[in-house]
2 protein chains.
Amino acid sequence: MAYRRTDNVEAHLADNRKRILAAARSLVSEGGWPEAQISHVAAVAGVATGTVYRYFPSKAELFVEVLSTVSQREVDVLDVIAGGAESPQQRLHDAVTAFVRRAMRNRRLAYALIAEPCDPEIDQARLRYRHAISEQIVRIVGDGQASGAFRADLDARVVATVIVGGFMEGLIGPLSPLNADFGSPPHHSGAVRTLAEDIADLCCAAVAPRRGKVSLLVPTVATRGRSR
Amino acid sequence: MAYRRTDNVEAHLADNRKRILAAARSLVSEGGWPEAQISHVAAVAGVATGTVYRYFPSKAELFVEVLSTVSQREVDVLDVIAGGAESPQQRLHDAVTAFVRRAMRNRRLAYALIAEPCDPEIDQARLRYRHAISEQIVRIVGDGQASGAFRADLDARVVATVIVGGFMEGLIGPLSPLNADFGSPPHHSGAVRTLAEDIADLCCAAVAPRRGKVSLLVPTVATRGRSR
DNA sequence: GCGCTTTGTGAATCCTAGTTCACTTCTTGG
DNA sequence: CCAAGAAGTGAACTAGGATTCACAAAGCGC
């Protein structure tokens with residue numbers, strides 16, 4: 001035996017791994033998925049292409065790890081909010097505004113991780129986290145329904161899904177690199193705040209307990225369209 | 001001169017074009033984007049690969065036309081509903097349920113056109129139609145705000161976006177080929193109806209005029225998280 | 001049937017990354 | 001300093017499809 005992997009090497013290895021991940025993340029957060037190429041990652045990390053494969057078995061796994069790290073942090077934030085002592089209304093409102101604001105801090109990255117077209121394998125991880133986010137919302141909605149703070153006549157999971165879809169979509173326009181509005185720094189923080197508040201407000205309104213009458217709505221002819 | 005393009009030929013050409021489009025659509029609606037390959041389209045349409053390029057300049061343009069045709073029909077349906085004489089509440093409810101139900105009729109196709117990862121060029125067309133749909137919703141929301149049927153303190157475009165995102169997302173789970181629930185034929189139409197109604201209900205609730213008090217909500221510590 | 005033009009064909013080509021691997025360089029223990 | 005085992009390298013290899021193109025077939029008017 002003539003080799004042992006010193007702490008020194010161990011550290012170097014760990015450092016490389018970290019740099020590769022950082023490079024990957026940085027590329028996505030600047031140029032989105034089109035820039036997310038192994039050769040670019042290698043260049044930015046200061047290693048050779050082949051080296052990347054000593055640390056990650058495939059492009060997909062590398063970027064899934066990037067996505068997971070970032071997304072998990074968001075889930076954690078929501079977890080704290082969802083587990084808080086505030087009223088369900090307050091928690092729902094906080095959760096949505098927190099998510100929207102945080103996403104607006106790093107628009108390009110958020111856009112890539114939320115909406116930009118990407119490899120199916122990565123997209124799948126994206127779905128997993130979207131689901132995890134939805135689960136945090138379910139907790140809040142469930143509490144609210146139990147305490148009577150929210151209407152309880154709908155499945156909490158459906159409600160949470162719609163809410164998540166609502167605030168994500170409300171985010172996509174402003175996030176999209178195509179829309180250069182929503183002033184970059186110096187932060188137009190007023191606009192961001194308003195957007196976040198408005199979206200949160202809508203989400204809260206959707207689950208508010210219903211006033212009196214059950215329904216005035218009846219099916220209409222238009223509702224029963226032909227097939228596609 | 002020794003050639004003229006008879007009606008006969010003209011018809012044959014038109015027929016080919018139609019068959020190619022039909023083949024393309026059929027493939028997407030069965031296998032989604034992975035199946036949407038030019039060679040497959042050609043095979044199904046009964047022509048050679050090269051022939052497809054006599055009718056469409058590129059894969060993207062072919063499929064964008066497929067998507068446009070299908071999506072435009074949906075926009076038209078919403079257009080009729082939005083332009084109807086019913087109350088804004090009723091129209092919003094009808095619009096959402098109509099969309100959800102129609103999508104559930106051809107799940108695989110709807111999934112591909114709404115959510116499945118696809119070529120960026122196609123994805124862009126998708127966005128355009130999502131926007132067109134949003135515009136129909138804006139009409140309804142705007143009317144409702146003007147007539148006092150809906151709360152008027154928020155930008156109608158933001159409201160519409162959130163609503164569209166909400167019902168689309170509510171749809172994705174049930175549409176996804178991964179979720180083999182939501183019984184295929186014989187139609188579990190009860191489940192579909194409920195889903196559609198529930199989602200529509202939520203959307204309507206979000207824009208209902210607000211009861212008394214303006215807001216009990218105040219920013220919380222959790223709302224101001226660190227950067228990613 | 002005969003030139004001429006448009007259409008149809010599908011094998012060959014091109015392209016774009018992701019992935020591999022034979023070889024070089026570095027580290028370690030002796 | 002040496003031999004052995006790891007880690008690093010980047011040019012070459014692949015793979016999956018889109019796209020092209022030289023050639024064949026079909027339609028047209030005479």
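None of the values given here were measured: they were computed from a predicted structure.
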Trainee: Just to confirm, is there a sub-4.0 Å distance from OP1 or OP2 of C:dG8 to any side-chain nitrogen or oxygen of B:N16?
Mentor: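 For B:N16, the contact criterion (side-chain N or O under 4.0 Å from OP1 or OP2 of C:dG8) is met.
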Trainee: Compare side-chain N and O positions of B:N8 against OP1 and OP2 of D:dG27 and report whether any pair is under 4.0 Å apart.
Mentor: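 For B:N8, the contact criterion (side-chain N or O under 4.0 Å from OP1 or OP2 of D:dG27) is not met.
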Trainee: Just to confirm, is there a sub-4.0 Å distance from OP1 or OP2 of C:dT9 to any side-chain nitrogen or oxygen of B:T51?
Mentor: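 Looking at the OP1 and OP2 atoms of C:dT9, one of them is under 4.0 Å from a side-chain N or O of B:T51.
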Trainee: Is the number of heavy atoms from other residues, nucleotides or ligands under 6.0 Å of A:Q124 CD greater than 12?
Mentor: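 Not more than 12 within 6.0 Å, no.
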Trainee: Would you kindly give the OH-to-P distance between A:Y53 and C:dG18, to the nearest whole Å?
Mentor: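 Taking OH of A:Y53 and P of C:dG18, I get 6 Å after rounding.
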Trainee: From the set D:dA7, D:dT9, C:dA17, return the single nucleotide nearest to any side-chain atom of A:Y55.
Mentor: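 My answer, after comparing the listed nucleotides, is D:dA7.
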Trainee: Which whole-number value in Å describes the distance from B:R54 CZ to C:dG10 C1'?
Mentor: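 Distance, rounded to whole Å: 13 Å.
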Trainee: B:D119 has an atom CG; how far is it from atom P of C:dA17, in whole Å?
Mentor: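 Value for this atom pair: 13 Å.
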Trainee: Among the nucleotides C:dA17, C:dT27, C:dT9, which one has an atom lying closest to any side-chain atom of B:V47?
Mentor: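 Nearest to the side-chain atoms of B:V47, counting from C-beta on, is C:dT9.
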Trainee: Does B:R102 come within less than 4.0 Å of B:E74, counting only side-chain N to carboxylate O?
Mentor: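 Salt bridge present between B:R102 and B:E74.
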Trainee: Rounded to whole Å, how long is the line connecting atom CD of A:Q37 with atom C1' of C:dA17?
Mentor: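 Atom-to-atom, A:Q37 to C:dA17, this comes out as 7 Å.
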Trainee: Select from B:S39 and A:L13 the residue whose nearest nucleotide in DNA chain D is closer to the 5' end of that strand.
Mentor: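 Taking each residue's closest nucleotide, the earlier one in sequence belongs to A:L13.
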Trainee: Can we say A:R101 and A:E197 salt-bridge, meaning some charged N sits less than 4.0 Å from an Asp/Glu carboxylate O?
Mentor: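 Salt bridge flag = yes for A:E197 with A:R101.
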Trainee: Starting from C1' on D:dT19, measure out to CZ on B:F56 and report it in whole angstrom.
Mentor: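 For the pair B:F56 CZ and D:dT19 C1', the rounded distance is 16 Å.
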Trainee: If the threshold is 4.0 Å, N to carboxylate O, is there a salt bridge linking A:R126 and A:D123?
Mentor: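 Looking at A:D123 together with A:R126, the answer is yes, because their closest N to O distance falls below 4.0 Å.
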Trainee: Counting side-chain heavy atoms from C-beta on, which of C:dG18, C:dT9, C:dG8 comes nearest to B:H12?
Mentor: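 Given the options C:dG18, C:dT9, C:dG8, the side chain of B:H12 is closest to C:dG8.
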Trainee: Just how far, in rounded Å, is P of C:dT19 from CD of A:E61?
Mentor: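 It is 10 Å, rounded to the nearest whole Å.
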Trainee: Just how far, in rounded Å, is C1' of C:dT20 from CD1 of A:I38?
Mentor: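 Taking CD1 of A:I38 and C1' of C:dT20, I get 13 Å after rounding.
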Trainee: Go through C:dT27, C:dG8, D:dG10 for me and flag the one nearest to the A:T49 side chain.
Mentor: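 Shortest atom-to-atom distance from the side chain points to D:dG10.
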Trainee: Parallel, tilted or perpendicular: which fits the ring planes of B:F63 and B:W33, with parallel below 30° and perpendicular above 60°?
Mentor: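 The arrangement is perpendicular - the two ring planes meet at more than 60°.
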Trainee: Can you measure A:H40 atom NE2 to C:dG18 atom C1' for me and round it to whole angstrom units?
Mentor: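 Computing the A:H40:NE2 to C:dG18:C1' distance gives 13 Å.
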